[in-house]
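Have a look at the structure below, then the notes.
Note that the structure is predicted; figures quoted are calculated from it, not measured. Just so we're on the same page: letters track the sequence lines, and every chain starts at 1.
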2 protein chains.
Amino acid sequence: MRNQGPEMEIVHLLRAVTVELGLHSARFASHNGMHPTDVRALIELMDASRADEEMTAGRLGTALGLNSAGTTSLLDRLEGAGHVRRVRGRQDRRKVVVEVDERAVELGWSFFGPLIGKAVELLQNCDEREREAIRGFLEGMREASAGGE
Amino acid sequence: MRNQGPEMEIVHLLRAVTVELGLHSARFASHNGMHPTDVRALIELMDASRADEEMTAGRLGTALGLNSAGTTSLLDRLEGAGHVRRVRGRQDRRKVVVEVDERAVELGWSFFGPLIGKAVELLQNCDEREREAIRGFLEGMREASAGGE
DNA sequence: CGTATTATCTCGCCGAGCGAGATATTCGAC
DNA sequence: GTCGAATATCTCGCTCGGCGAGATAATACG
């Protein structure tokens with residue numbers, strides 16, 4: 001075994017959390033007749049909407065690692081289920097702006113809201129230095145795993 | 001917007017980390033002609049091997065959320081690529097014990113080792129109280145997202 | 001204007017994973 | 001012991017998400 005310090009327990013915890021979050025999404029998906037990709041798309045769309053950014057078909061596909069054909073069928077599914085609307089771009093009419101339906105947003109919050117609430121609660125029971133440690137660790141892991149094609 | 005405290009930044013960081021780790025796995029997969037599920041299986045197998053537990057076909061499939069047919073084709077792929085061997089169970093000859101090839105383990109470490117190294121490094125720069133805060137946050141999130149079918 | 005570029009869509013196809021059922025092995029009741 | 005139920009895995013046929021190639025439509029640029 002390469003390492004058996006007390007740090008490894010936290011490394012495995014992080015992996016366990018990512019696995020559990022993935023399974024949580026999968027449960028949300030199957031309870032609503034959606035596919036994992038649809039859920040990821042919904043999250044991406046809600047995120048963009050919160051940041052007041054327009055999300056186009058192309059940007060969404062890139063964010064999810066889909067090619068244009070896959071993106072089209074993803075949007076067909078989401079639109080067919082009534083979760084999003086396709087709207088032609090105003091100034092650039094080639095683009096398709098994807099608008100999330102309000103009920104889909106509510107659906108998403110009903111499933112992920114409690115989780116976020118729990119996270120906020122955990123963090124509010126920390127002092128500033130502890131929060132900074134958590135932020136630093138997550139930020140470091142994000143940088144380490146991010147990056148290049 | 002439901003909440004805009006400083007806690008939300010960390011919540012989004014956690015989500016970003018899970019997304020990045022997922023993309024990291026996907027890169028590993030495509031660089032090695034594997035599918036995301038194959039990588040998840042490999043991690044599960046390495047984990048079991050580290051804990052000195054036998055991993056059977058059925059347990060693996062359950063852990064990954066596959067049914068028996070999907071599990072069989074997963075093992076066919078992994079065995080065809082030389083990453084695992086099927087060995088009939090000793091006392092219960094219905095079972096198929098899955099053994100990971102040593103080279104597949106090395107391959108996995110070459111990709112995920114640096115990430116683990118970075119995590120250990122980050123954690124070693126923390127004092128005990130900060131590490132405890134990180135552990136507590138991750139543990140809490142795991143519990144909140146875990147749970148029941 | 002005409003040509004290159006960009007954004008999306010259509011078509012045909014591949015293959016991961018599912019459901020149903022077959023096969024082989026073990027356990028339990030009598 | 002032996003016969004039927006339970007268990008572990010595999011086979012077959014199929015569905016459908018996602019890919020590659022190329023069509024279509026709108027924009028940018030010389």
Can you list the other members of the hydrophobic cluster that holds B/Val19, where links are side-chain heavy atoms under 4.5 angstrom apart? B/Leu23
Where along residues 89-97 of chain B does a heavy atom come under 4.0 Å from DNA chain C, residue by residue in number order? B/Gln91, B/Asp92, B/Arg93, B/Arg94
Show me, pair by pair, the donor-acceptor contacts under 3.5 angstrom made by side chains of residues 54-61 of chain A, not counting sequence neighbours?
residue : atom : partner : partner atom : Å
A/Thr56 : OG1  : A/Arg59 : N            : 3.2
A/Arg59 : NH2  : A/Glu53 : OE1          : 3.4
A/Arg59 : NH2  : A/Glu54 : O            : 3.4

Rounded to whole angstrom units, what separation is found between the CG atom of A/Leu75 and the P atom of C/dT10? 11 Å
Between P of D/dT7 and CZ of B/Arg59, the distance in whole Å: 17 Å
Take nucleotides 15-22 of chain D nucleotide by nucleotide from the 5' end and write B, S or -, depending on whether a protein heavy atom sits under 4.0 Å from the base, only from the sugar-phosphate, or from neither. --SSBB--
Salt-bridged, B/Glu132 to B/Arg135, with N to O below 4.0 Å? yes
Quick one: list whatever passes salt bridge (charged side-chain N to carboxylate O under 4.0 Å, His left out) with A/Asp127, sequence neighbours left out. B/Arg129
If you assign each of B/Arg88 and A/Arg88 to its closest nucleotide in DNA chain D, which residue comes earlier from the 5' end? B/Arg88
B/Arg86 (side chain) donor-acceptor with B/Val96 (main chain) under 3.5 angstrom: no
Charged N to carboxylate O below 4.0 Å: is that the case for A/Glu128 and A/Arg131? yes
Taking B/Leu122's backbone N and O only, do any of them form a donor-acceptor pair with B/Asn125's side chain (distance below 3.5 Å, no angle check)? no
d(CG, B/Asp76; P, D/dC10) in whole Å: 7 Å
Rounded to whole Å, CZ of A/Arg86 lies from C1' of D/dA25 at a distance of 15 Å
Would you please name every residue forming a side chain to side chain donor-acceptor pair (under 3.5 Å) with B/Glu121, sequence neighbours left out? none
